[in-house]
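A short worksheet on the structure shown next.
First the proteins, then the strands, lettered A, B, ... as listed; each starts at 1. Small disclaimer: the values here were computed from a predicted structure and weren't measured.
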2 protein chains.
Amino acid sequence: MSAPAKRGGVLRQPTVYDVAALAGVSRQTVSNVLNAPDIVKGATRERVEHAIKELGYRPHASARRLRTRKSSTIGIRLDPVTNGISGSVLDRFLHAVTEQADARRLRILLFTATDPEDEIRQFERLLDGADVDGFVLTSTTYDDPRTEWLIAQDAPFVTFGRPWGVDDMADGAHRWVDVDGRHGLAEATRSLLELGARRVAYLGWPSPSGTGDERRRGWREAMEAAPSPLDSATLDDLQLACEDGVSLASDAVRGLLARGVEFDGIVCASDSLALGALMVLGASVPIVGYDNTPVASAVGLPSVEQPLEQVAAAALELLLDDVADEPVLGDVASAGDPRHRLLRPQVVWR
Amino acid sequence: MSAPAKRGGVLRQPTVYDVAALAGVSRQTVSNVLNAPDIVKGATRERVEHAIKELGYRPHASARRLRTRKSSTIGIRLDPVTNGISGSVLDRFLHAVTEQADARRLRILLFTATDPEDEIRQFERLLDGADVDGFVLTSTTYDDPRTEWLIAQDAPFVTFGRPWGVDDMADGAHRWVDVDGRHGLAEATRSLLELGARRVAYLGWPSPSGTGDERRRGWREAMEAAPSPLDSATLDDLQLACEDGVSLASDAVRGLLARGVEFDGIVCASDSLALGALMVLGASVPIVGYDNTPVASAVGLPSVEQPLEQVAAAALELLLDDVADEPVLGDVASAGDPRHRLLRPQVVWR
DNA sequence: TCAGAAAGTTTGATCGTTCAAATTCTTGCA
DNA sequence: TGCAAGAATTTGAACGATCAAACTTTCTGA
């Protein structure tokens, strides 16, 4: 690459015309080499490719976007304030999405919003300005106003997280990727049972909570499927709920001890809760957290790890069917509903 | 706003022509209303503004960028993997930058890179494609190859973090914002001394470490300035160094105890280290961390908080002098070197 | 009152690319 | 050899905005 330095200087970036002139072809052929190499004759293509390298040519993104009416950019809202310890999950997800986007020649544009209404306003701004083609949403809620708006606008989007409204899950317009927390907790619970535990407690969030209820269900099902299952009342006793917070969790566990309920293991809906339990129980009882945050690894807590790279990849894949007009892959698509993807987490033992 | 819905449909977004037609003016006047309202006559302006609202017009970002040769976009690399507990700092910084950028009508584009060389390749790609106007860099190192490259290219950038190479700090081409960790640790140390401590230990990272050495210096200076200072040898004894990690920190503190060194307080270079100390010492000795991560607040550890919103604001301000050709503000600029900004952190007590 | 300056507005050109249609070059086969 | 069909390439136009310069209107002051 013998491209000139000094961007601030007079020398301008080469354009298709420059490349075309050097390679002795027309500008369109240069464009074709870049966008549809297969329709260009081998010899010509090589000549053009050489000229591109020679000049250090790179297509001007905005010009391309203007012409193609595609921004190849995806908007992601940065969540307001890292919500506690678990914040790092979205951070890691963001990282994974960015990497996956890169591989698909997409850009990631960040924005912030103070509340769902404000977020919708941002959607509008970014779509109208043709800044982005679509969105990846996180932290979905019951009857999320954002997804409703996007669907009404016919704007492409995917959510990380199932829609929790009753009918929404079947809605074909809503593409989502999620992690099967139920399976993750069932797995964690089964493992503790196999390790000899009999009375595994569950520390989660108050109902209703889409994510939380699923995780609790996973624990409960695994407990009910144990070789010698406990009765229903006992399971109710072993089931704790408090808001996400280390000290709240500690309180909850202390309450359990105070009530004299026996238990020999705890699976939790989050690492914050697990850390709270750990601070009360120490190493006396095996504890499993959720999200595999840096804190969990720091204090040596096993935790359910979400396959964020896969989530990111799946999210973009679903989105791309719209955005890039790429054909839906026959095989993959036919396996279940192609618009939804439920991935399995894995317990990381320590 | 009576803008039509259905983006996927046939109706296209209105353009300057549509607005011009409705308002009965030329397209350039519409452009002027948007970009230089003061040169348009009041009555005309109102008419155009009304038409803009009426049509729900929004300028096409790519078209504008193509013509103006500015992307109004700033690139930020997402750090590879959240490095331990402290990862949330960059996360919060990113959030602050995004918000600040929004207020300045700038966009934030994310990218990832595997190593500094790869990052430079990304710089090149993004600059050549006119995707971004400049960069905000984090995690600067000694003689950072990235800053050298950017300076050579004459590309606008700011770093969060001082350049640690010997001569670089005076380099006018390098604009940076940083937090005065020395001041932060001095402050923390002084506070512990005022609370009655006499032998405050320091738990930091091995030299050389630009950031770490500064923080240690803050502690040392505060200790030396104490009413009845300890002798130099004692201070050396009270000074611990280990890599950033909870268990490593625990080991280091246990070593201190084993050596029989007395101490009645610890200030740390990070929350990870502080957490490690906490797990050995419990509430027996006051501990101060650094970065005020969620973990610190979760376990009730006081910590030095970096003013990330201010850092973000300052960073964009410095960058904008280049990017947007805005005039340097006379007053602010004259106060010290306008190309560098050193901000003061604050201890959060719990 | 009127020239000249200033303010306000419009027109033509352009940013760098890709689309769509037109053109030229290759093939294969009667 | 000729000629249609296909492959390869080129040309003109357009994407939607702003710049630069030209033009028109309004203001200023002798």
Check: Going 5' to 3' along nucleotides 22-28 of chain D, which nucleotides have protein heavy atoms under 4.0 Å from the base (write B), which only from the sugar-phosphate (write S), and which from neither (write -)?
Finding: -------
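Under a 3.5 Å cut-off, the side chain of B:S71 and the backbone N or O of B:D133 do form a donor-acceptor pair. Judged by distance alone, the side chain of A:R107 and the main-chain N or O of B:L109 form no donor-acceptor pair under 3.5 Å. The closest donor-acceptor contact from the side chain of B:D144 to the backbone of B:T140 lies at 3.5 Å or more, if one exists at all. Here the side chain of A:N32 pairs no donor or acceptor atom with the backbone of A:V40 at under 3.5 angstrom.
Summarising the geometry, the separation between CZ on B:R64 and C1' on D:dC19 is reported as 14 Å, rounded to the nearest angstrom. When the P atom of D:dG16 is taken as reference, atom CG of B:L66 falls 12 Å away, rounded to whole Å. One atom, OH of B:Y17, and another, C1' of D:dA14, lie 11 Å apart when rounded to the nearest Å. The distance from atom CZ of B:R69 to atom P of C:dT17 is 10 Å, rounded to the nearest whole Å. Separating the NZ atom of B:K70 from the C1' atom of D:dA17 is a distance of 15 Å, rounded to the nearest angstrom.
Closest approach of A:H60 and B:A130 over heavy atoms only: NE2-CB, 3.3 Å. Residue A:F123 comes nearest to A:L137 through the heavy atom pair CZ-CD2, 3.6 Å, listed as atom of the first residue, atom of the second, then distance.
Between B:E148 and B:D143, some side-chain heavy-atom pair lies under the 4.5 Å cut-off. Side-chain atoms of A:L94 and B:L94, non-hydrogen and from C-beta on, do get closer than 4.5 Å to each other.
Scanning residues 19-40 of chain A for heavy-atom distances under 4.0 Å to DNA chain D yields A:V25, A:S26, A:R27, A:Q28, A:T29, A:I39, A:V40.
Side-chain atoms of B:R67 and base atoms of D:dT18 include a donor and an acceptor less than 3.5 Å apart.
The residue A:S62 sits apart from the nucleic acid: no heavy atom pair falls under 4.0 Å.
Here the straight-line distance linking atom NE2 of B:H340 with atom CH2 of B:W176 works out to 6.0 Å at 0.5 Å rounding.
Using a 4.0 Å cut-off, some side-chain N or O of B:T44 falls inside it from OP1 or OP2 of C:dT9.
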